[in-house]
Amino acid sequence: MRADADFFCQPLKPVDERNEGTIKADKQKGKVNFVELRSFWHIFRSFDRMWSFFILALQIMIILAWSEGGSLGNIFDPLVFKEILSIFITSSILNLGKATLDIIFNWRARRTMEFMVKLRYVLKFILAAMWVVLLSVTYAYTWEKPTGIIRTIKNWFGNGPDQPSLFIIAVVVYLLPDMLAAVLFALPLLRRKLEGSDYKLMRLIMWWSQTRLFVGRGMHESAFSLFMYTMFWVALLLTKFVFSYYVEIKPLVEPTKDIMKFPINHFRWHEFFPRAKGNIGVVISLWAPVILVYFMDTQIWYTIFSTLVGGVYGAFQRLGEIRTLGMLRSRFDSIPLAVNDCLVPVETSDARRKKGLRSNFKNRFKEMTHEDKEKVAARFAQMWNEIVSSFREEDLIDNREKELLLVPYVADQGLRVTQWPPFLLASMVPIAVDMAKDSNGKDRDLKKRIENDYYFSCAIKECYASCKNIINDLVHGEQEKRVINTIFTEVEKCIAEDKVITDLNMQSLPDLYNKFVELVEFLKKNDEKDRVAVIKIFQDMLEVVTRDIMEDQLPSILESSHGGSYQRPEGMTAWDNEYQLFQPSGAIKFPLEVSTEAWKEKVNRLELLLTVKESAMDVPSNLEARRRLTFFTNSLFMDMPDAPKVRNTISFSALTPYYNEHVLFSIKDLEEENEDGVSTLFYLQKIYPDEWKNFQERIEEELKDNEELKEEALRQWASYRGQTLTRTVRGMMYYRKALVLEAFLDMAKHEDLMEGYKAAGSISDEEWKSLIAQCEALADMKFAYVVSCQQYGNDKRSALSNAQDILQLMRTYPSLRVAYIDVVEDRVGEKQIETAYYSTLVKVALNKDSESAGPVQNLDQVIYRIKLPGPAILGEGKPENQNHAIIFTRGEGLQTIDMNQDNYMEEALKMRNLLQEFLTEDGIRQPSILGVREHIFTGRLINNVVYN
């Protein structure tokens, strides 16, 4: 390969040409390569087969309606059938019109067009004209006593004997290409082989019917898909033609005949029709609207049929299962199993999961054993909580909404109840307390509510189990434990016999409820100063239970509930005893010496169940968070390929081309005002008011008084809401984060799952560290992200802010790789210096000077450096920017992402399922290109872009 080849460098112009170019540089030049001729006739030329079909069908319907009686059976009448045969003449005329338009629209390109292309256009025009003449002449000789234009044509060529067979033969020959196309359409396998063959005859046919650059050659759907597609259009067109014939065409025939028979004595519009001898104008005004509707109502019928067929298909595919937040709440109990079925690999190859209407996640989950529910809930909790955490990191929700949306990371196996997110259970415990207080010994309303509302019963069960669990963890004294166990035994006996409302006095339940709320608040503080208050709360709760709620059930412990004692001496009163329950130092374990994350999570969750009295129907309140949650949960009910284990999934890379757009908004960019006095930061605060409020809450909690970090966080917050490289990189790196989580779920044992994925980062156990290291290594093997920053080398040498921001991205995401074109001056020989071009890949590197005790320096480190034969940018900048960096990508799949695109954590979890589409047989072959749906997020940023 020669570096001085014409392909890599532009030839130098002669001196005369350069001078001439300099003289003419000031003259404005138009588009020299623009050869397209814009015209409304493109509507016919681009859809000629559709228009021709509709015109021929209209001609047939008019002939049938004009015949005697207007019955469809008249088609078997010889005269009517002979008239219908005239559609072949109409078809030839339409083909001639299309051939003429082809020549007209390509006339400007005649100088650059190949000779064979010109020859094809000319031959098509000549052949179309010949068919018009041949079919017209042979059709004229099928009539014995022709009239009108047919008689004129017959007079031109001589009044010879009738020859109907000539016209039939001409029609058969004329239809031969169409009949061949119909056979190949019905046999896609044969058509695909013929299109891919290299025989001269087939090359001639392909040259005549398709251009050489036709990209659809050999690409066809499966036979079943083709059949279903054909049946759809057959049913649609039959319905349209039946409606058009009986509603639009036939009713106009008789009025038209009557109007044409009506004589004209005085025509007032003589200026427009000075020689009018008939009512042709009236007929045109009568038929014109009907003809327009005839050609346009196909779209209406298509809308109707696509709605019906799409509704049936969507029902079987379970599309639109969850469209609103209310539907999400009502179907949430089926989501854990849907997540497990779609995003968790099957354990055995024989496991077959039901899809579509055959799957009933809701009933299946309720019928599962508690152990199976624990496994499903544990995996669901890790994925769901990561999604909710990403919402909080993106400031779509605040801290309160995050707590309401989270499910416990660590499964509390002692509760033996299904723990749903608090936003489904909010305000239900206070409502149950009020209903119990007002029941007056009648439990009909409460039982009806519990039976009809699944989450209501779950809230009550979990609240009771959590309260019991916390009390048992806190109470350690033997006497106290005996009293507490007696109370819980009696309560559970009433629950088993369904006599809670009737046998227990619920009037004092709000007092017990308030005391337990106070206890939970002290447990959250976990302060030694509150020990006396906690003991007092336990004594008060015991008194409420024994003296008010269970007075009839526990007479034996009434005396010992407050001031009494077991086996106290004779003559000692209740208030004079030396032993009080919960008073000794070891009776209650408070404060807790080691408050684990699981304990804190349990207490916080119980506080939410007890204290949240307003409905959480609007959680999350952010519209974007609602849209993403409903879209994600709805997609779980669709038919998608099963997710393989991470080690078996297809490895892939993402590639993003970047030139000199914004990487990260600077403070100056955010605060600079436009001519209207509006800054970018002010505008973003106004269009994202809830997210700005959530951001302020987050930085005040995390960063507090660190102004430098607050400024950096502000830049990131604004950049994540603009079309910046930072937003794209964050979105693409969700792939790696999702793969790490999924690898953990694949490799973790049941005990690890019960402890939770979140705990993996805080536990110092070497086994945990090894597990997380394996997950991260596996994720790095399966995914790589390369950003092709074309000008990074020049920006780095010039110390521009873009280079620093890109380096900061590599620090934030160490697995990120940056490719760029490095232009350097290399010495060739002793004195000669030439410009060399290198395609370079770098990563972040941690370099520490061994002699200095200073902080670690973050620099970029070259991984690969490939010398190019010349300048890499030969044509368009963006594709060439991708082409030079594509060598640094790896894996079996490649996703090309523009710089202004984003990604979400919940969608990244489904990437394994998407990659499995490459391995599915879609009737003919495995797909090689996949397209995915996009959401346009820049709708509210248009004004921001305009004034910036």
Participant: Would you say Ile103 has more than 12 foreign heavy atoms packed within less than 6.0 Å of its CD1?
Facilitator: yes

Participant: Would you compute the distance between atom OH of Tyr139 and atom CG of Leu166 and round it to the nearest 0.5 angstrom?
Facilitator: 15.0 Å

Participant: Taking Glu68's backbone N and O only, do any of them form a donor-acceptor pair with Asn74's side chain (distance below 3.5 Å, no angle check)?
Facilitator: yes

Participant: Return yes when atom CE of Met50 has more than 12 non-hydrogen atoms of other residues, nucleotides or ligands closer than 6.0 Å, and no otherwise.
Facilitator: yes

Participant: Nearest heavy-atom pair of Trp287 and Ile249: which atoms, and what distance?
Facilitator: CH2-O, 4.0 Å

Participant: Of all heavy-atom pairs between Lys250 and Ala65, which one has the smallest distance, and what is that distance?
Facilitator: CA-CB, 4.1 Å

Participant: Say whether, by atom type as modelled, one donor and one acceptor occur between the side chain of Ser653 and the main chain of Gly891 under 3.5 angstrom.
Facilitator: no

Participant: Identify every side-chain donor-acceptor pair in residues 288-301 under 3.5 Å, counting partners at least two apart or on other chains, and give the distances.
Facilitator:
| residue | atom | partner | partner atom | Å |
| --- | --- | --- | --- | --- |
| Tyr294 | OH | Phe54 | O | 2.8 |
| Tyr294 | OH | Leu58 | N | 3.4 |
| Asp297 | OD1 | Lys240 | NZ | 2.6 |

Participant: In sequence, state the C-alpha distance, the side-chain angles, and the governing distance for Phe631 and Glu907, and then conclude on side-chain contact (heavy atoms from CB on, under 4.5 Å).
Facilitator: CA-CA 9 Å; Phe631 181 84; Glu907 299 305 310; 3.5 Å; yes

Participant: Supply the atom-to-atom distance Leu94 CG to Arg49 CZ, rounded to the nearest 0.5 angstrom.
Facilitator: 14.0 Å

Participant: I'd like to know if the side chain of Thr656 and the backbone of Ile897 have a donor-acceptor N/O pair within less than 3.5 Å.
Facilitator: yes

Participant: Which value, rounded to the nearest 0.5 Å, describes the distance between Tyr313 atom OH and Ser306 atom OG?
Facilitator: 14.5 Å

Participant: Check whether more than 12 heavy atoms from other residues, nucleotides or ligands sit under 6.0 Å from atom CZ of Phe232, and answer yes or no.
Facilitator: yes

Participant: Would Leu919 and Ile650 count as a side-chain contact (heavy atoms from CB on, under 4.5 Å) if you check the C-alpha gap in whole Å, the side-chain angles of each, and the deciding distance to 0.1 Å?
Facilitator: CA-CA 9 Å; Leu919 305 180; Ile650 295 176; 3.9 Å; yes

Participant: Between Phe88 and Leu175, is a side-chain contact (heavy atoms from CB on, under 4.5 Å) present by the stated rule, with each step listed?
Facilitator: CA-CA 9 Å; Phe88 296 107; Leu175 292 178; 3.6 Å; yes

Participant: Going from CG on Leu134 to CH2 on Trp131, what distance comes out if it is rounded to the nearest 0.5 angstrom?
Facilitator: 5.5 Å

Participant: Taking Ser91 for its side chain and Ile87 for its backbone only, find out whether a donor-acceptor pair lies under 3.5 Å.
Facilitator: no

Participant: Could you tell me the separation between the CD1 atom of Ile84 and the NZ atom of Lys82, rounded to the nearest 0.5 Å?
Facilitator: 13.0 Å

Participant: More than 12 foreign heavy atoms under 6.0 Å from CE of Met130: is that the case here?
Facilitator: no

Participant: How are the rings of Phe53 and Phe241 set relative to one another: parallel (under 30°), tilted (30 to 60°) or perpendicular (over 60°)?
Facilitator: tilted

Participant: Taking Leu79's backbone N and O only, do any of them form a donor-acceptor pair with Asp77's side chain (distance below 3.5 Å, no angle check)?
Facilitator: yes

Participant: Hey, what do you get for CD1 (Ile929) to CG (Leu894), rounding to the nearest 0.5 Å?
Facilitator: 11.0 Å

Participant: Would you please test Ile259 and Thr256 for side-chain contact (heavy atoms from CB on, under 4.5 Å) and show each step?
Facilitator: CA-CA 5 Å; Ile259 292 172; Thr256 302; 5.7 Å; no

